[in-house]
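Numbers restart at 1 for each chain; the letters A, B, ... are given by sequence-line order, proteins then strands.
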There are 2 protein chains.
Amino acid sequence: MGTSRAACAGRYFGPVEEIDRRIVRLLAADGRMSFTDLAKQTGLSVSAVHQRVRRLEKRGVIRGYAALVDYDAVGLPLTAFVSIKPIDPSAPDDAPERLAHLEGIEACYSVAGEESYILKVRVGSPVELEELLQQIRASAGVSTRTTVVLSIPYEHRPPAIDLSPD
Amino acid sequence: MGTSRAACAGRYFGPVEEIDRRIVRLLAADGRMSFTDLAKQTGLSVSAVHQRVRRLEKRGVIRGYAALVDYDAVGLPLTAFVSIKPIDPSAPDDAPERLAHLEGIEACYSVAGEESYILKVRVGSPVELEELLQQIRASAGVSTRTTVVLSIPYEHRPPAIDLSPD
DNA sequence: GTTGAAAAAGCGAATCT
DNA sequence: AGATTCGCTTTTTCAAC
């Protein structure tokens with residue numbers, strides 16, 4: 001190997017080094033933390049932190065920022081997981097692109113197992129879920145299996161980014 | 001009814017009115033948007049926006065802010081969905097609390113269907129997934145069924161908050 | 001990475017509609 | 001009640017070191 005990468009006793013910590021991981025961890029837990037606070041927490045100057053955050057954004061390590069919302073309060077009280085399977089398994093599998101235009105689909109995961117993708121959807125009511133399922137089937141040529149979410153004990157807990165040595 | 005709530009042709013838009021929904025939508029898409037920009041996008045004064053955002057935070061409509069991170073880059077390249085089912089169905093169901101201390105569990109959904117909860121987990125490697133699954137089974141007295149995520153076409157798309165009339 | 005200064009944004013109180 | 005204007009403070013941002 002020509003390059004020396006971050007590794008430690010068999011555990012690979014990814015291409016982001018210690019201080020950067022601290023920054024990412026802090027911002028994942030509080031996306032609006034100021035550069036001033038970030039500097040205090042990391043022991044760096046404000047400018048140094050600023051520079052690192054911009055670099056992390058540019059490299060795509062930080063992909064963006066989001067407010068975490070109460071979906072009940074904004075009229076989207078119904079969450080569901082929709083597993084999909086192509087009706088014609090020999091057809092090209094471009095379901096994610098075919099579904100990207102549909103509002104209400106929050107995420108699309110390609111998975112191992114019986115089905116090919118799991119979608120996470122948020123809608124306003126059972127009728128809206130029904131309509132969305134019809135659109136999913138029609139748009140992607142798939143069958144669907146839906147698991148309705150009854151309640152959400154917790155969600156979006158900040159990631160357990162490891163801070164061990166490089 | 002004594003109170004008049006937001007309703008429109010059979011569609012209930014939640015307890016958050018038009019302009020507030022605009023604000024929430026904008027912040028969900030860009031959690032670091034400045035109050036100045038927010039004011040421009042909504043046609044309000046900066047102070048008015050400021051006041052509304054604080055109120056939305058206090059009411060819990062905005063629950064927090066988070067940086068969206070590239071999990072591969074920070075050493076958590078393995079995502080999975082873990083469906084759990086109590087081994088003893090007559091025992092009290094407090095799985096969410098019993099699992100809350102475990103790092104690596106990002107979300108916990110109570111669901112309708114064969115299993116009782118779906119967990120979303122992020123770990124660094126297959127071995128770490130194995131260890132986490134053992135901890136889940138031991139901590140909550142459940143059996144697990146795991147669906148490994150192979151790739152993530154998209155995730156955390158901003159919610160389709162409706163902006164129709166109240 | 002650091003310091004330091006200018007520009008921008010955040011924030012609270014008083015005022016007005 | 002809710003929006004606006006006014007100042008002051010903090011943060012952001014961009015120089016040069």
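For the segment residues 34-41 of chain B, the set of residues with a heavy atom within less than 4.0 Å of an atom of DNA chain C comprises B:S34, B:F35, B:T36, in numerical order.
Other residues sharing the hydrophobic cluster of A:V127, ordered by chain and number and joined by side-chain separations under 4.5 Å: none, the residue standing alone.
Shown are A:I152, A:V123, A:D72, A:V121; of these, the side-chain contact (heavy atoms from CB on, under 4.5 Å) with A:T79 is made only by A:I152.
For the side-chain contact (heavy atoms from CB on, under 4.5 Å) test, residues two or more places apart in sequence or in another chain that qualify with B:S45 are B:S47, B:A48. In this structure, A:Y71 has no ring pair (Phe, Tyr, Trp, His ring centres under 6.0 Å) partners at least two apart in sequence or on a different chain.
Note: NE2 (A:H50) to C1' (C:dT2) measures 15 Å, nearest angstrom. Computed from coordinates, the A:M33 CE to C:dG10 C1' distance equals 17 Å when rounded to whole Å. Rounded to an integer number of Å, the gap from CZ of A:R55 to C1' of D:dT13 is 18 Å. In this structure, CD1 of A:I19 is placed 14 Å from C1' of C:dT2, rounded to the nearest angstrom.
Toward the 5′ end of DNA chain C lies the nearest nucleotide of A:R52, the other residue of the pair B:Q51 and A:R52 mapping further downstream.
With respect to A:R21 and A:D162, no salt bridge is recorded, no charged nitrogen being found less than 4.0 Å from a carboxylate O. One finds a salt bridge joining B:R122 and B:E155 here, because a Lys/Arg side-chain nitrogen approaches an Asp/Glu carboxylate oxygen to under 4.0 Å.
In DNA chain D, the stems built from three or more successive Watson-Crick or G-U pairs (distances below 3.5 Å) are C:2-17 with D:1-16.
Between A:I105 and A:L99, the shortest heavy-atom contact is CD1-O, 3.8 Å. Summarising the geometry of B:A28 relative to B:P159, their closest heavy-atom pair is CB-CD, 3.7 Å, with the distance given to 0.1 Å.
Between the side chains of A:T42 and A:R22, no donor-acceptor pair of N or O atoms lies under 3.5 Å.
Ring-plane geometry between B:Y109 and A:F81 is classed as perpendicular, the angle between the planes exceeding 60 degrees on a 0 to 90 degree scale with a lower cut at 30.
Here B:R32 reaches the OP1 or OP2 of D:dT12: one of its side-chain N or O atoms lies under 4.0 Å away.
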Please list, for nucleotides 5-9 of chain D, all pairs of protein and nucleotide N/O atoms separated by less than 3.5 Å.
unit_1: D:dT5; atom_1: O4; unit_2: B:S47; atom_2: OG; d: 3.1

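Residue contacts shown for A:R54 are limited to sugar-phosphate atoms, with no base heavy atom under 4.0 Å away.
Between the side chain of A:T36 and the backbone N or O of A:V46, no donor-acceptor pair lies under 3.5 Å.
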